[in-house]
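So the structure is just underneath, and the comments pick up after that.
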Amino acid sequence: SSASTSAAPASSAPAPAPPFNQETLQQRLQALIEGARESWTYAIFWQSSYDYSGASVLGWGDGYYKGDEEKGRGKSKTTSSAAEQEHRKKVLRELNSLISGSAPSADDSVDAVDEEVTDTEWFFLVSMTQSFVNGGGLPGQAFFNSSPVWVAGADSLGSSTCERARQGQIFGLQTIVCIPSENGVVELGSTEVIFESSDLMNKVRVLFNFSN
Amino acid sequence: PSAVPQARKASLARFLEKRKERMMNA
């Protein structure tokens, strides 16, 4: 239910909403999670734009990963095998060198990569490569219908028709919520079961109403 | 990794930096 490429506005397509400041977007995501009573693991803003054909797509806008602090890093659950962990660490090492502009080195492995890459960290990282056509996946459904999608419970996620929900369940999530805003969709995920809250939806409407 | 779009680099850099902080505080 997701497209594999990110979108650039086509010159003949309708003008998308003006891009908003990356820093304030990060602050809004952080405020949403840190100010919540519930324990959310991450928040992602999927930004609405258009692909080369003018079709509406949701692509990565920004994300804030909090993790599962109560559980402590050492106790974070991972279902990954040793080979999978090596793969994740290798990818992280390469991403680290991509960002820092240097070749992967022993030093890199000491500070950021040698620690286990948890399932939720990996789910969050992989999310950066994804985008959703209008109506596709949980974010696409929420945006297309202008209506929140709230999936709570491992069974509900695991039996969802959406690939992203099923992937989330495999990587230890128990709740995924997608709340539409003017220019995109705010997605929150948690390793705990969190039931629907109008308070959270109101916060999203206030924090992500970019025209104000 | 070389295919990671430029627009997502800021998010990635922030994630890696915060991960490093979490490691140091653990």
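Quick caveat, the model's predicted, so the values are computed rather than measured.
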A/I99 and B/E17: side chain to side chain contact (heavy atoms under 4.5 Å, CB included), yes or no, with the steps? CA-CA 10 Å; A/I99 294 299; B/E17 189 59 37; over 6 Å; no
Interatomic distance, OG@B/S11 vs CZ@A/F45, rounded to 0.5 Å, equals 12.0 Å
Side chain to side chain donor-acceptor pair (under 3.5 Å) with A/S127: which residues, sequence neighbours excluded? A/R164
Does the distance from a Lys or Arg side-chain N to an Asp or Glu carboxylate O, for A/D62 and B/R8, drop under 4.0 Å? no
Strictly by salt bridge (Lys or Arg N to Asp or Glu O under 4.0 Å), give each pair with a member in residues 36-47 of chain A just once, sequence neighbours left out. A/R37-A/D199
Would a 4.5 Å heavy-atom cut-off, applied to side chains only, mark B/R14 and A/Y64 as touching? no
Give, for atom CG of B/L16 and atom CD of A/E121, the distance between the pair rounded to the nearest 0.5 Å. 9.5 Å
Using side-chain heavy atoms (C-beta onward) and a distance below 4.5 Å, is B/R19 in contact with A/E115? yes
